[in-house]
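Both ligands and their constituent atoms are indexed starting at 1 by order of listing. Since we're looking at a predicted model, the values are computed, not measured.
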Amino acid sequence: MELRAHAKINLHLHSTRRRDDGYHELRTVFCHLDLHDKVFIEPLDGRVELLSDTRLSVEQDLAGRAALALRQALGRPELGCRIRVHKTIPAGGGLGGGSADAAAVLRGLAKLWQADEATLFKVASELGADVPFLLDGGLALARGKGEILVPLRTSMAPLSLILLFPGHPVSTPTAFSWMDEDGLDHDEEGPGKLKTLLGALGGSEPGAVIQSVYNAFDGCVSRRQPRVAAAMQAAKAAGLTPLLCGSGSTVAAFGEGDFEHRGLREFNPQRASLAGFSGAVSSCGTKR
Ligand code: C5P
């Protein structure tokens with residue numbers, strides 16, 4: 001079985017409060033990208049094997065952990081599988097690469113091991129905040145840690161963007177601690193900006209969507225990571241609108257500007273598109 005594990009970006013992200021469990025209560029709009037890893041799954045008796053470009057072990061890699069967690073949740077220790085992961089999505093870039101692989105593994109194993117949707121979703125939520133969205137991808141508004149999802153629709157064609165790689169991964173917990181330091185754990189501007197984006201997604205003007213993207217991590221991360229600030233500045237100089245991907249460090253740049261601009265070259269620019277505008281990844285997560 002071959003599956004596509006799609007990257008995601010957050011077209012909007014803000015925190016309303018810090019929760020007692022240490023997580024942030026988020027309001028975010030997820031969209032999957034055409035950029036994807038490939039995941040191959042074969043049946044195997046009794047053991048879970050993983051061969052990934054990450055070179056991590058089954059127990060360390062989120063893709064392997066997804067298989068082990070699903071087997072445990074099903075209470076069927078005799079189940080097994082062989083998983084291979086070909087990485088294209090860069091790690092530590094805020095594009096949800098590890099979560100995408102885990103979600104694809106869950107989708108594939110749900111077929112192989114006949115797991116129901118509720119079990120799948122519970123295991124996904126426990127693996128990480130981005131995993132439940134990536135089970136189906138598409139375009140969705142999320143609350144909670146990111147796991148309470150409401151699907152969104154837009155009639156707009158998928159927007160093109162360019163991904164810029166500043167070259168320094170940013171750890172997600174560290175980025176959240178910067179958000180707290182900057183007082184953005186209770187983001188007062190966030191709700192208004194979210195409303196504007198949802199309105200723009202309901203319209204037919206790509207420019208209106210681009211003007212209303214917002215990520216509360218933009219300022220907190222770029223103030224502390226000069227390379228991220230430089231990538232954002234280069235995007236602006238090319239006439240593009242920059243947006244941090246998740247907690248960074250990848251910067252997405254949108255707009256009608258110059259994708260070939262000289263100033264972008266040092267950030268290994270890569271074209272991508274907001275594939276989630278066209279709907280979910282096919283329900284079994286397999287190749288479309
Ligand atoms: O769930 P995930 O493993 O992706 O989260 C990584 C870290 O990011 C968490 O341990 C937490 O520190 C932070 N986080 C958060 N609030 C969220 C999601 C993640 O504080 N909603």
How far is [atom] from the closest protein heavy atom, and which atom is that?
{"atom": "atom 6 (C) of ligand 1", "value": "Thr172 CG2, 4.2 Å"}
{"atom": "atom 11 (C) of ligand 1", "value": "Tyr23 CE2, 4.2 Å"}
{"atom": "atom 2 (P) of ligand 1", "value": "Ala129 N, 3.8 Å"}
{"atom": "atom 13 (C) of ligand 1", "value": "Phe176 CD1, 3.3 Å"}
{"atom": "atom 21 (N) of ligand 1", "value": "His24 O, 2.9 Å"}
{"atom": "atom 7 (C) of ligand 1", "value": "Pro173 CG, 4.0 Å"}
{"atom": "atom 3 (O) of ligand 1", "value": "Gly128 CA, 4.2 Å"}

Compute the ring centroids of [X] and [Y], then answer whether they are less than 6.0 Å apart.
{"X": "Phe133", "Y": "Phe30", "result": "yes"}
{"X": "Phe176", "Y": "Tyr23", "result": "no"}
{"X": "His14", "Y": "Tyr214", "result": "no"}

Cationic N near anionic O, under 4.0 Å, [X] to [Y]:
{"X": "Glu188", "Y": "Arg17", "answer": "no"}
{"X": "Asp187", "Y": "Lys193", "answer": "no"}
{"X": "Arg76", "Y": "Glu78", "answer": "yes"}

*Could an N or O of ligand 1 be found under 3.5 Å from any N or O of Lys145, whether backbone or side chain?*
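In this structure, Lys145 places an N or O atom under 3.5 Å from an N or O of ligand 1.
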Report, one line per pair, each donor and acceptor closer than 3.5 Å where one atom sits in a side chain of residues 59-67; sequence neighbours left out.
{"unit_1": "Gln60", "atom_1": "OE1", "unit_2": "Ser57", "atom_2": "N", "d": "3.2"}
{"unit_1": "Gln60", "atom_1": "OE1", "unit_2": "Ser57", "atom_2": "OG", "d": "3.2"}
{"unit_1": "Asp61", "atom_1": "OD1", "unit_2": "Ala63", "atom_2": "N", "d": "2.8"}
{"unit_1": "Asp61", "atom_1": "OD2", "unit_2": "Thr54", "atom_2": "OG1", "d": "2.5"}

*Of all the atoms in ligand 1, which lie at a distance below 4.0 Å from a heavy atom belonging to Gly22?*
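Once the distances to Gly22 are compared, the set is 20 (O).
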*Can you sort out which atoms of ligand 1 are near Leu26, meaning under 4.0 Å from one of its heavy atoms?*
21 (N)
_Ser247 heavy atom under 4.0 Å from ligand 1_ = no
*asked:* Just by distance, no angles: are the side chains of Asp136 and His32 close enough, under 3.5 Å, to form a donor-acceptor pair?
replied: no
